[in-house]
2 protein chains.
Amino acid sequence: MATRTRRSQRRTEALSRERIVEAAIELLDAAGESGLTFRALSERLATGPGAIYWHVENKGELLDAVTDAVVADAVAVEAGGSGRAGGAASGSTGAGRAGGEATGAAGAGGAGGVGGLSGAARDGIQAVALGLFDAIEEHPWLATQLATQLSRSPWGTVAPRLFESIGRQVRALGVPEDSWFTATSALMHYILGAAGQNAANSASARALPPDVDRDRFLDTVSTAWEELDPDEYPFTRSLAPQLRGHDDREQFLAGITLILAGITVVHPPAG
Amino acid sequence: MATRTRRSQRRTEALSRERIVEAAIELLDAAGESGLTFRALSERLATGPGAIYWHVENKGELLDAVTDAVVADAVAVEAGGSGRAGGAASGSTGAGRAGGEATGAAGAGGAGGVGGLSGAARDGIQAVALGLFDAIEEHPWLATQLATQLSRSPWGTVAPRLFESIGRQVRALGVPEDSWFTATSALMHYILGAAGQNAANSASARALPPDVDRDRFLDTVSTAWEELDPDEYPFTRSLAPQLRGHDDREQFLAGITLILAGITVVHPPAG
DNA sequence: ACCTGAACACCGTTCAAGT
DNA sequence: ACCTGAACACCGTTCAAGT
């Protein structure tokens with residue numbers, strides 16, 4: 001299911017569920033959630049709105065299919081460290097400041113020498129996590145969509161996909177079997193929450209006037225925090241300086257490091 | 001802002017932003033996101049749709065206000081262990097099997113005797129976390145709404161509110177100052193992700209035919225996992241048994257324990 | 001089997017008109 | 001200052017009719 005990103009058909013090829021999903025992703029990437037309309041979709045596919053209903057039950061099911069396709073692609077990075085696979089027919093918005101591939105990696109290796117961790121499994125978890133992080137950054141609508149779908153049907157197709165790819169790495173970590181569920185859930189929830197929030201930052205930054213770049217955006221938020229009511233928000237205010245010049249990706253990985261450390265402490269590897 | 005849950009006015013009292021938000025919450029609780037309509041809202045408030053626009057910019061702003069109100073209320077539990085505050089004008093669906101107030105608390109105290117943790121701060125974090133957990137369980141639409149709003153404006157009013165109440169507890173934990181941001185973010189993201197997902201479970205269970213109770217629901221999901229493709233989902237399949245008879249609340253707290261352990265290991269208390 | 005496109009019910013939002 | 005309610009533009013979805 002992964003990759004296969006060609007795109008040369010347009011009106012010749014017959015309509016298909018796959019083409020519809022592909023076009024839907026393009027619309028979402030280009031114009032956000034409100035940009036996905038059955039009319040816009042059918043125009044792009046050079047057909048009538050009714051035709052789409054032959055291949056897709058309704059808008060909800062279409063969104064589910066779209067979400068599943070993007071997640072499947074993101075998770076297909078699987079083994080290996082860097083080098084992303086395909087990108088599920090997107091195109092538009094590049095990965096932003098795509099420079100350092102997890103350089104520094106938030107003090108990986110574990111501050112304090114937390115023992116017993118398989119380094120490969122640790123890398124595996126980071127790879128999966130960054131795969132999702134990047135997918136959400138590339139498709140900002142994915143964060144909300146993921147929440148919506150996991151909310152609506154936790155037993156759907158997306159949850160097992162995420163669970164499987166994260167869980168395999170947890171198992172490889174040497175965590176005892178009766179803790180697999182807890183450890184995997186914790187990682188999954190953190191990844192979804194953090195990736196969603198962080199992607200939001202880039203999306204917002206991107207939405208600002210072009211001459212206002214990312215640093216300026218963080219400056220703005222930081223300033224907003226500094227202007228909060230001192231009585232109600234003393235803690236948040238005190239953190240405003242740390243917000244300036246913080247790196248999303250590094251922060252994200254630091255959180256993963258935290259959870260991995262917790263896992264190995266609370267559920268020490270059996271070996 | 002918290003509590004004040006009276007409700008006796010209906011058509012006599014003048015329209016106000018507060019009454020609109022209150023009515024919106026009732027509609028959302030009763031009929032989900034699709035139930036909140038400017039027409040339904042104005043009917044409930046015995047007025048015309050246009051009147052609402054005098055007090056509220058548009059639907060997005062209304063949803064923001066609604067989300068903020070519920071979160072403010074949930075977070076206002078603040079100190080103290082149990083005993084919830086008000087419940088932000090909801091009414092409908094009770095808290096489900098509201099029996100044990102965090103009994104057992106997922107082996108609190110820390111398996112293996114993780115040192116240095118202030119017990120009070122630990123309880124404080126659990127209280128905040130459970131406050132949000134319960135709020136989302138009571139208002140299932142909140143999960144999606146939270147994701148949407150944090151996505152749209154991470155510098156909005158909700159993020160600082162969560163950050164502040166979680167962060168204060170992190171500080172009380174004795175974590176060194178330069179790790180406050182990382183630790184607070186990790187907790188916040190986990191809480192949002194996990195609470196959302198778990199609330200989804202109860203919501204789904206509630207939506208099933210009334211004679212099908214929660215255990216039966218978990219059975220269904222568990223069975224679905226057992227029927228996944230053995231080649232693609234070996235790990236998830238192997239976890240199906242653990243899913244049967246697992247307790248959302250306990251699982252949620254176990255995750256928090258994990259992260260707290262990670263925090264104290266990676267960022268040991270200064271004292 | 002698959003596609004067309006007009007039609008329906010419904011929604012967010014606006015705005016001239018009222019008090 | 002605040003409310004009314006008809007009107008507008010747009011949306012998801014349906015369905016008789018075509019090929």
Side-chain angles (χ1 to χ4, degrees), chain A residues 9-69 141 144-145 148-149 151-153 156, chain B residues 9-69 141 144-145 148-149 151-153 156:
Chain A
Q9 4 79 320
R10 181 91 318 160
R11 71 197 63 187
T12 57
E13 217 137 313
L15 211 51
S16 73
R17 198 180 157 90
E18 214 181 23
R19 277 193 65 205
I20 293 173
V21 167
E22 190 185 338
I25 293 176
E26 290 171 5
L27 280 175
L28 285 166
D29 285 345
E33 313 209 30
S34 70
L36 179 56
T37 285
F38 272 77
R39 269 165 255 258
L41 198 51
S42 57
E43 193 183 353
R44 189 178 195 95
L45 292 166
T47 181
I52 295 170
Y53 282 87
W54 185 262
H55 302 273
V56 145
E57 195 100 34
N58 51 40
K59 192 171 185 181
E61 204 224 5
L62 173 58
L63 282 169
D64 283 357
V66 156
T67 303
D68 187 66
W141 46 268
T144 302
Q145 218 40 57
T148 307
Q149 202 195 312
S151 269
R152 193 173 34 215
S153 56
Chain B
Q9 3 79 320
R10 181 91 317 162
R11 73 196 63 185
T12 57
E13 216 137 313
L15 211 51
S16 73
R17 197 180 157 91
E18 214 180 22
R19 277 193 66 205
I20 293 174
V21 167
E22 191 185 336
I25 292 176
E26 290 171 5
L27 280 175
L28 285 166
D29 286 345
E33 313 208 30
S34 70
L36 179 57
T37 285
F38 271 77
R39 269 166 255 259
L41 198 52
S42 58
E43 193 183 354
R44 189 178 196 97
L45 292 166
T47 182
I52 296 170
Y53 281 87
W54 185 261
H55 302 272
V56 144
E57 194 100 34
N58 52 40
K59 193 171 186 181
E61 204 224 5
L62 173 58
L63 283 169
D64 282 357
V66 155
T67 303
D68 187 64
W141 46 268
T144 301
Q145 217 42 56
T148 306
Q149 202 195 312
S151 268
R152 193 173 34 215
S153 56

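Bear in mind that the values here come from a model prediction, so they are computed numbers and not experimental data. Naming convention: chains lettered A, B, ... in sequence-line order (proteins, then strands); numbering from 1 in each chain.
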(message) Rounding to an integer number of Å, can you tell me how far L41(B) CG sits from dC10(C) P?
(response) 18 Å
(message) Between E22(A) and R17(A), does any NZ, NE, NH1 or NH2 come within less than 4.0 Å of an OD or OE carboxylate oxygen?
(response) no
(message) Within the structure provided, determine whether V56(A) and V21(A) are in side-chain contact (heavy-atom separation under 4.5 Å).
(response) no
(request) Verify, without hydrogens or angle tests, whether E43(A) (side chain) and R39(A) (backbone) share a donor-acceptor contact under 3.5 angstrom. (result) no
(request) Do nucleotides 12-19 of chain D as a string where each nucleotide becomes B, S or -: B if the base has a protein heavy atom under 4.0 Å, S if just the sugar-phosphate does, - if no protein is that close. (result) BBBB----
(message) Would E33(B) and Q145(B) count as a side chain to side chain contact (heavy atoms under 4.5 Å, CB included) here? Give the steps.
(response) CA-CA 9 Å; E33(B) 313 208 30; Q145(B) 217 42 56; 3.5 Å; yes
(request) Indicate whether OP1 or OP2 belonging to dC3(D) is found under 4.0 Å from a side-chain N or O atom of W54(B). (result) no
(request) Can you tell me which stems involve DNA chain D, if a stem is defined as three or more consecutive Watson-Crick or G-U wobble pairs, both distances under 3.5 Å? (result) C:4-8 with D:12-16, C:12-16 with D:4-8
(message) Quick one: does any side-chain atom of K59(A) pair with a main-chain N or O of L36(A) as donor and acceptor, under 3.5 Å?
(response) yes
(request) Could you state the atom-to-atom distance from CZ of R17(A) to C1' of dA1(C) in whole Å? (result) 17 Å
(message) Could you check whether any side-chain N or O of T144(B) sits under 3.5 Å from a backbone N or O of W141(B), counting only pairs where one atom can act as donor and the other as acceptor?
(response) no
(message) For a 4.5 angstrom cut-off between non-hydrogen side-chain atoms, does L63(A) reach Q149(A)?
(response) no
(message) Donor-acceptor check, side chain of T37(A) to backbone of A40(A), threshold 3.5 angstrom: yes or no?
(response) no
